[in-house]
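Sequential numbering from 1 along the given sequence is applied to the chain's residues. Ligands are counted one by one from 1 in listed order, and the atoms in each one are counted from 1 as well.
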Amino acid sequence: MDGNGRWARRRHLPRVAGHRAGVRAIRPVMEACDRAGVHILTLYAFSTENWSRPRHEVAALMQLFGETIESEVDELHANGVQIRVIGDRTQLSERLQRKVAEAEGITARNTSAVLNVAINYGGRREIVSAIRELAARGVDLAQLDEEMVSRALYTAGLPDPDLIVRTAGEMRVSNFLLWQSAYAELYVTDTLWPDFGETSINEALHAFSRRERKFGAVPERAPAAVIETLGSPVG
Ligand code: FPP
């Protein structure tokens with residue numbers, strides 16, 4: 001959800017005002033996703049690296065997470081949305097952990113959509129913690145396979161993301177869903193997150209619909225001659 005700070009700076013507002021505007025941007029994006037048939041959405045709200053921001057900004061963000069989860073849970077529940085917080089929650093305040101657990105508990109059996117909120121999330125940490133958990137369960141690590149790791153991640157049971165949208169022109173993956181994004185399509189837009197509304201998400205989805213996804217294979221629609229060339233040693 002990049003660009004909140006820049007959005008605020010352009011308006012001579014404190015960065016926290018940008019984060020508040022960032023919260024307001026969520027609902028139209030979720031609604032547009034729902035209309036487009038996208039029923040799993042992950043918001044990267046706070047990374048394991050974001051603790052290095054000024055203390056007052058971190059505190060304001062934590063406050064915002066608690067307030068937003070609390071104020072939105074009933075409506076999300078009424079709409080059949082399951083809320084999941086992914087990330088290392090042990091570092092969150094007990095109060096926030098309680099709110100998170102409550103929201104997850106209320107919405108646990110919903111099946112219309114899934115909203116993952118990544119808080120204190122880091123892809124590397126997620127993979128390490130999955131492997132530690134498997135080792136602690138007594139799994140023979142010599143027998144480890146990809147399916148076992150996938151099932152031990154925070155996103156267990158969910159399909160891998162098809163599309164990753166990066167706002168504010170950032171061209172990095174930034175430790176986001178490292179394992180799960182192996183074949184995700186990346187879409188980068190200069191639009192700042194608080195300005196990223198229905199039009200922007202529809203543009204991203206349209207761009208995605210035009211991508212040819214090969215998953216490492218030869219494209220199905222490729223002309224026979226191309227397949228021939230790829231299949232035979234050069235020269
Ligand atoms: C990155 O923009 C944004 C964040 C670190 C915080 C995003 C969090 C929210 C919008 C709150 C969401 C709340 C819930 C419950 C999902 P930045 O500050 O790095 O902006 P910049 O790149 O312009 O400086």
Which protein non-hydrogen atom lies closest to atom 8 (C) of ligand 1, naming both residue and atom, and how far is it? A45 O, 3.6 Å
Tell me which protein heavy atom sits closest to atom 20 (O) of ligand 1, plus the residue, atom name and distance to 0.1 Å. G5 N, 3.0 Å
Distance-only check: which donor-acceptor pairs under 3.5 Å involve side-chain atoms of residues 167-174, not counting sequence neighbours?
unit_1	atom_1	unit_2	atom_2	d
T167	OG1	D2	N	3.0
T167	OG1	D2	O	2.8
E170	OE1	R172	NH1	3.4
E170	OE1	R172	NH2	2.8
E170	OE2	R6	NH2	2.7
S174	OG	R166	NH1	2.8

Pick, from R10, R15, E49, the option with the minimum heavy-atom distance to atom 17 (P) of ligand 1. R15
Closest by any non-hydrogen atom to atom 19 (O) of ligand 1: pick that one out of R6, R20, R53, M1.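 Heavy atom nearest to atom 19 (O) of ligand 1 belongs to R53.
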To the nearest 0.5 Å, what is the distance between CG on L13 and CG on N4? 12.0 Å
Is a donor from one side chain sitting under 3.5 angstrom from an acceptor on the other, for N120 and W51? yes
Salt bridge between R20 and E67, side-chain N to carboxylate O under 4.0 Å? yes
I need the contact type for N4 against ligand 1. Using non-hydrogen atoms and a strict under-4.0 Å cut-off, is it side chain, backbone, both or neither?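 The answer is both.
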Taking only non-hydrogen atoms of N50 and a 4.0 Å limit, the atoms of ligand 1 in range are 5 (C)
Just which atoms of ligand 1 are under 4.0 Å from any heavy atom in V117?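 With V117 as reference, the close atoms of ligand 1 come out as 16 (C).
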Return the set of residues passing side chain to side chain donor-acceptor pair (under 3.5 Å) with R137 (not counting sequence neighbours), or none when no residue passes.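 For R137 the side chain to side chain donor-acceptor pair (under 3.5 Å) partners, ignoring immediate neighbours, are E133.
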Report yes or no: does [X] have a heavy atom closer than 4.0 Å to ligand 1?
X	value
I26	yes
F65	yes
A168	no

Quick one: is the NZ or CZ of R11 closer than 6.0 Å to the six-membered ring centre of W7, and within 45° of its axis? yes
Quick check, are the ring centers of Y187 and F208 under 6.0 angstrom apart? no
